[in-house]
Undergrad: 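Handing you a structure now.
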Amino acid sequence: MTREQGAAAGSTPAHHGEALLRVENLSISFPGRDGRVAVVDGVSFHITEEETLGLVGESGSGKTVSALAIMRLNRKPARVEQGQIWFEGQNLQAKTEHLMTGVRGREISMIFQTPRSSLNPLMRVGDQIARVFRLQQGLGRKEAKEKAREMLRQVGISEAERHMRSYPHQLSGGMSQRVLIAMMVACEPKLLIADEPTTGLDVTVQAQIFELIKQVQQTRCMAVLLITHDLGVIAELCQRMVVIYAGHVMESGSVGRVFDVPGHPYTQMLLQSMLRVDRRADVTPVGRGVEEIVYTLTACRFAPRCPSVMDVCWAQKPAVVDIGPGHRVMCHLYSGE
């Protein structure tokens with residue numbers, strides 16, 4: 001697509017050019033008991049080239065919904081109410097569905113939580129990977145098959161020729177995830193979204209999968225959006241992190257700074273809940289999980305669980321405040337600074 005065509009599709013102003021991906025003020029609603037509820041409310045973040053950004057929060061916080069919006073894969077009853085998503089200076093929401101098919105897989109790929117649900121149970125593994133090369137790169141059958149075999153080797157699958165002939169149900173969970181990673185990086189996307197990529201896998205296999213993602217990123221110079229609730233993984237793989245709760249971005253900044261001087265009470269409680277070998281095993285619980293009622297709050301959605309809650313927290317939504325270099329917090333505790 002030319003620059004002129006990109007402008008017609010909704011290109012970004014010049015100040016967006018420094019980021020590979022920029023999500024701005026994204027809000028997504030679902031039907032609730034008393035009308036539509038914004039499960040994602042004003043979420044903003046960006047990713048630069050070759051960076052790994054961690055999106056962290058407990059289940060129900062809006063991480064996956066936000067990621068699916070980037071790919072334009074949210075289905076009804078989900079509805080994008082406001083916000084913009086820019087990728088390489090182009091507004092993804094302004095693209096037609098036909099143009100988005102050229103973005104998915106080729107420019108942005110996504111690894112889902114359950115690999116077997118993303119693989120065709122009726123097709124052999126080798127044929128599924130080869131199909132990606134044929135559709136996205138226009139390769140012939142023989143060349144695509146050889147590329148598929150090489151991809152299996154690159155993601156650490158031994159006896160690639162034998163596994164080319166396997167069906168998904170014949171593979172272990174870890175093996176299935178490796179196959180899915182092979183499919184997602186086959187066309188060398190510029191951004192890889194990994195949504196809880198080790199769900200249901202044992203600890204050893206989890207470590208192998210995360211190491212594989214790290215190696216693939218370094219080899220292919222991709223940016224990675226890593227969605228997880230595991231702060232240990234964030235510390236190991238990410239340069240920056242975004243902490244999200246009930247659809248609100250509570251805190252964002254470099255991993256080192258957020259871990260060293262967490263600003264938001266929610267981030268502090270998440271870090272205190274981590275099991276560590278260098279301290280006693282008494283862990284501070286975060287409390288009950290995200291409930292639907294918090295999504296209807298017009299003020300701070302963490303107020304019902306916050307140990308530092310004030311009257312103003314129930315009355316109005318906090319502003320986003322800079323508390324350090326690249327370190328931002330949405331909390332009334334800093335409103336006077």
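The model shown is predicted, which means the values in this text are computed figures rather than measured ones.
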Undergrad: Can you check whether W86's main-chain N or O pairs, donor with acceptor, with R22's side chain at less than 3.5 Å?
TA: no
Undergrad: Say whether, by atom type as modelled, one donor and one acceptor occur between the side chain of H248 and the main chain of M250 under 3.5 angstrom.
TA: no
Undergrad: If you apply the rule side chain to side chain contact (heavy atoms under 4.5 Å, CB included), what do you find for S254 with H327, and how did you get there?
TA: CA-CA 7 Å; S254 69; H327 190 182; over 6 Å; no
Undergrad: Please report the interatomic distance CD(E81) to CD1(I28), rounded to the nearest 0.5 Å.
TA: 9.5 Å
Undergrad: Do I70 and M100 belong together in a cluster built from hydrophobic side chains that touch within less than 4.5 Å?
TA: yes
Undergrad: Going through the distances and angles, do L191 and E107 end up as a side chain to side chain contact (heavy atoms under 4.5 Å, CB included)?
TA: CA-CA 7 Å; L191 172 64; E107 302 290 336; over 6 Å; no
Undergrad: Does the side chain to side chain contact (heavy atoms under 4.5 Å, CB included) test come out yes or no for L271 and L231, once each step is laid out?
TA: CA-CA 8 Å; L271 290 170; L231 289 170; 3.8 Å; yes
Undergrad: State, with a plain yes or no, whether a side-chain heavy atom of V249 is found less than 4.5 Å away from one of V43.
TA: yes
Undergrad: Short question: side chain of E251, backbone of V329 - any donor-acceptor pair under 3.5 Å?
TA: no
Undergrad: Knowing that exactly one of Q217, K214, R240 qualifies, which makes a side-chain hydrogen bond (donor to acceptor under 3.5 Å, both in side chains) with T52?
TA: Q217
Undergrad: Does one side chain, of R220 or Q154, offer a donor that lies under 3.5 Å from an acceptor on the other?
TA: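 Yes - a donor-acceptor pair under 3.5 Å links their side chains.
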Undergrad: Do other residues, nucleotides or ligands put more than 12 heavy atoms under 6.0 Å from the NZ atom of K145?
TA: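 No, NZ of K145 has 12 or fewer neighbouring heavy atoms, counting only those of other groups under 6.0 Å.
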Undergrad: Please determine if E49 and K190 form a salt bridge, counting it only when a charged side-chain N lies under 4.0 Å from a carboxylate O.
TA: no
Undergrad: Please check if any side-chain donor atom of Q177 sits under 3.5 Å from a side-chain acceptor atom of T198, or the reverse.
TA: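 No pair is found: no donor N or O on one side chain lies under 3.5 Å from an acceptor on the other.
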Undergrad: Compare every heavy atom of I129 with every heavy atom of M183, then report the nearest pair and how far apart it is.
TA: CG-CG1, 3.6 Å
Undergrad: Could you tell me if the side chain of E211 sits less than 4.5 Å from the side chain of I213, heavy atoms only?
TA: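 No, every pair of side-chain atoms sits at 4.5 Å or beyond.
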Undergrad: Between E97 and R72, is the salt bridge (Lys or Arg N to Asp or Glu O under 4.0 Å) condition met? List the steps.
TA: CA-CA 9 Å; E97 181 60 24; R72 290 254 304 267; 3.8 Å; yes
Undergrad: Which atoms form the tightest heavy-atom contact between D322 and R328, and what is the distance?
TA: OD1-NE, 3.0 Å
Undergrad: Counting only heavy atoms not in Q215 (residues, nucleotides, ligands), do more than 12 fall under 6.0 Å from its CD?
TA: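 More than 12 within 6.0 Å, yes.
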Undergrad: In terms of heavy-atom contacts, does CD of Q206 have more than 12 from other residues, nucleotides or ligands at under 6.0 Å?
TA: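 Yes.
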Undergrad: In terms of ring plane angle, is the pair F302 and Y245 parallel, tilted or perpendicular, where the classes change at 30° and 60°?
TA: perpendicular
Undergrad: If I take atom CG from residue L73 and atom CE from residue M110, how far apart are they, to the nearest 0.5 angstrom?
TA: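 Here the interatomic distance stands at 7.5 Å.
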Undergrad: Quiz question: by atom type and distance under 3.5 Å, do the side chains of E51 and T48 form a donor-acceptor pair?
TA: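 E51 vs T48: donor-acceptor pair found between side chains.
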Undergrad: Nearest 0.5 Å, please: how far is CG in L226 from CD1 in I47?
TA: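 So the CD1 of I47 and the CG of L226 are separated by 10.0 Å.
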Undergrad: Find the distance between CG (L180) and CD (Q128) and round it off to the nearest 0.5 Å.
TA: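 Result: 9.5 Å between the selected atoms.
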Undergrad: According to a hydrophobic-cluster definition based on side-chain heavy atoms being under 4.5 Å apart (Ile, Leu, Val, Met, Phe, Trp, Tyr only), do W314 and Y334 belong together?
TA: no
Undergrad: Does R141, at its CZ atom, have more than 12 non-hydrogen atoms belonging to other residues, nucleotides or ligands within less than 6.0 Å?
TA: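 12 or below, so no.
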Undergrad: Does the plane of the ring in H169 sit parallel, tilted or perpendicular to the ring in Y167? Use 30° and 60° as the thresholds.
TA: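 H169 vs Y167 ring planes: parallel.
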Undergrad: Among the clusters formed by ILVMFWY side chains lying less than 4.5 Å apart, do V312 and V321 turn up in the same one?
TA: yes
Undergrad: For the side chain of K63 and the backbone of G57, is there at least one donor-acceptor N/O pair under 3.5 Å apart?
TA: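 A pair under 3.5 Å: yes.
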Undergrad: Has S27 got a side-chain atom pairing as donor or acceptor with G42's backbone, closer than 3.5 angstrom?
TA: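 It does hold such a pair.
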Undergrad: To the nearest 0.5 angstrom, please state how far the CG atom of L225 sits from the CD1 atom of I111.
TA: 11.0 Å
Undergrad: Would you indicate whether the side-chain heavy atoms of Q113 and P197 approach each other to under 4.5 Å?
TA: no
Undergrad: Under 3.5 Å, is there a donor-acceptor pair between the H229 and E196 side chains?
TA: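 Distance-only check passes for H229 and E196.
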Undergrad: Which heavy atom of A130 sits nearest a heavy atom of A144, and at what distance?
TA: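 Closest heavy-atom pair between A130 and A144: O-CB, 3.5 Å.
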Undergrad: With a 4.5 Å cut-off on side-chain heavy atoms, are F112 and L68 touching?
TA: yes
Undergrad: Starting from the C-alpha separation in whole Å, work towards a yes-or-no answer on side chain to side chain contact (heavy atoms under 4.5 Å, CB included) for V56 and I244.
TA: CA-CA 6 Å; V56 64; I244 185 171; over 6 Å; no
Undergrad: Is there a salt bridge (Lys or Arg N to Asp or Glu O under 4.0 Å) between R153 and E150? Walk through the geometry before answering.
TA: CA-CA 5 Å; R153 297 192 185 102; E150 178 58 29; 3.4 Å; yes
Undergrad: Specify the closest pair of heavy atoms between P168 and L119, including all atoms of both residues, with the distance to one decimal.
TA: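 In terms of heavy atoms, the two residues are closest at CG-CB, 3.9 Å.
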Undergrad: Could you check if a side-chain atom of R104 sits within less than 4.5 angstrom of a side-chain atom of T101, using non-hydrogen atoms only?
TA: yes
Undergrad: Can you find a pair of side-chain heavy atoms, one from N91 and one from Q84, that are under 4.5 Å apart?
TA: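 With C-beta onward as the side chain, the pair touches.
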Undergrad: To the nearest 0.5 Å, what is the distance between CD (Q82) and CD (Q93)?
TA: 10.5 Å
Undergrad: When hydrophobic residues are tied together by side-chain contacts of less than 4.5 Å, even through go-betweens, does M310 share a cluster with I323?
TA: yes
Undergrad: For a quick check under 3.5 Å, do H46 and E24 share a side-chain donor-acceptor pair by atom type?
TA: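 There is no such pair between these side chains.
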Undergrad: Please examine the side chains of I85 and L21, heavy atoms only from C-beta on, and report whether any two atoms are closer than 4.5 Å.
TA: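 Side chain of L21 against side chain of I85, heavy atoms only: contact under 4.5 Å found.
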Undergrad: Can you tell me if N25 and S44 form a side-chain donor-acceptor pair at under 3.5 Å?
TA: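 Not at all, the side chains of N25 and S44 share no donor-acceptor pair under 3.5 Å.
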Undergrad: I'd like to know if the side chain of R149 and the backbone of A160 have a donor-acceptor N/O pair within less than 3.5 Å.
TA: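 Not at all, since once roles are kept as given, no pair shorter than 3.5 Å links the two residues.
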Undergrad: Between the main-chain N or O of E58 and the side-chain N or O of S61, is there a donor-acceptor pair closer than 3.5 Å?
TA: yes
Undergrad: Compare every heavy atom of V242 with every heavy atom of S252, then report the nearest pair and how far apart it is.
TA: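 So the minimum-distance heavy-atom pair works out to CB-CG2, 4.1 Å.
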Undergrad: Side chains of C300 and C306: does their closest heavy-atom pair fall under 4.5 Å?
TA: no
Undergrad: Please say yes or no: joined through hydrophobic side-chain contacts below 4.5 Å, possibly via intermediate residues, are M330 and V309 part of one cluster?
TA: no
Undergrad: Please find the pair of heavy atoms, one from V255 and one from A235, that lie closest to each other, and give the distance.
TA: CG1-CA, 4.0 Å
